[in-house]
Student: 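This structure is in structure tokens; I'll ask about it shortly.
We use all heavy atoms of the structure for the numbers below, so side chains are in, but hydrogens, waters and symmetry mates are not.
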Amino acid sequence: MLGEAIAAVLVGMAGLMLVLVPLFRPSDRTHRPDEPLDPEETPRGVALSALKEIDFDRETGKLSDADYEFLKAKYTGIALEALRAEQSPPPASQQSCRSCGPVPRPTPSSARHVVCI
């Protein structure tokens, strides 16, 4: 009976160590960035998916020609806006410094010197 109690205490302590040791030990794993978006989750992907869907609906007879033309013009415009937004550089308010991250702002005395805020 005493042997069983000692074995139970040892097993319990081993289990407790397995749970608590990772909580108090510093992590050696590097931080992984967030998962990138699927192409269908971007504004461009949503618009292109909608264009494919309305093409399919027209081929199967679910959309009239007038509805198809209206929806095609709408989603083509949205897709073009998304493509232009992806290709244009970000505005100065969204640019960041490599070393410190926040937006760089030129000093009043010289436009060449950049001060990070």
Side-chain angles (χ1 to χ4, degrees):
M1 176 126 137
L2 181 62
E4 293 172 354
I6 292 174
V9 168
L10 289 176
V11 169
M13 289 179 68
L16 191 61
M17 281 183 55
L18 285 173
V19 171
L20 294 178
V21 167
L23 295 176
F24 295 109
R25 185 175 36 175
S27 175
D28 359 332
R29 295 189 328 180
T30 58
H31 183 290
R32 294 186 340 186
D34 292 336
E35 192 174 301
L37 289 176
D38 287 335
E40 293 84 21
E41 294 176 353
T42 63
R44 173 182 169 230
V46 170
L48 293 177
S49 295
L51 285 170
K52 288 179 186 177
E53 185 70 26
I54 62 171
D55 282 338
F56 177 76
D57 286 346
R58 182 179 184 206
E59 289 174 8
T60 57
K62 293 181 182 179
L63 277 178
S64 67
D65 289 338
D67 289 340
Y68 172 76
E69 293 301 324
F70 171 75
L71 291 172
K72 184 175 181 181
K74 175 183 174 182
Y75 287 113
T76 301
I78 293 171
L80 287 174
E81 286 177 18
L83 286 171
R84 287 184 189 125
E86 286 179 2
Q87 293 174 353
S88 66
S93 63
Q94 294 179 355
Q95 293 177 350
S96 63
C97 176
R98 279 191 225 169
S99 61
C100 59
V103 177
R105 180 179 291 168
T107 61
S109 62
S110 173
R112 285 193 220 154
H113 299 285
V114 175
V115 175
C116 296
I117 53 173

Student: Sequence neighbours left out, cut at 3.5 Å: what donor-acceptor pairs do the side chains of residues 68-84 make with other protein atoms?
Tutor:
from: Tyr68; atom 1: OH; to: Asp55; atom 2: OD1; distance (Å): 2.6
from: Thr76; atom 1: OG1; to: Lys72; atom 2: O; distance (Å): 2.5

Student: Leu20: which residues meet the side-chain contact (heavy atoms from CB on, under 4.5 Å) condition with it, sequence neighbours left out?
Tutor: Leu16, Leu23, Phe24
Student: With a cut-off of 3.5 Å and sequence neighbours excluded, list every side-chain donor-acceptor pair involving residues 57-67.
Tutor:
from: Arg58; atom 1: NE; to: Asp65; atom 2: OD1; distance (Å): 3.3
from: Arg58; atom 1: NH2; to: Asp65; atom 2: OD1; distance (Å): 3.3
from: Thr60; atom 1: OG1; to: Phe56; atom 2: O; distance (Å): 3.1
from: Thr60; atom 1: OG1; to: Asp57; atom 2: O; distance (Å): 3.1
from: Ser64; atom 1: OG; to: Asp67; atom 2: N; distance (Å): 3.3
from: Ser64; atom 1: OG; to: Asp67; atom 2: OD2; distance (Å): 3.3

Student: Who pairs with Leu10 by side-chain contact (heavy atoms from CB on, under 4.5 Å), at least two apart in sequence or on another chain?
Tutor: Ile6
Student: Who pairs with Val21 by side-chain contact (heavy atoms from CB on, under 4.5 Å), at least two apart in sequence or on another chain?
Tutor: Met17, Arg25
Student: Given a cutoff of under 4.5 Å between side-chain heavy atoms of I, L, V, M, F, W and Y, with clusters grown through shared members, what are the other residues clustered with Val11?
Tutor: none
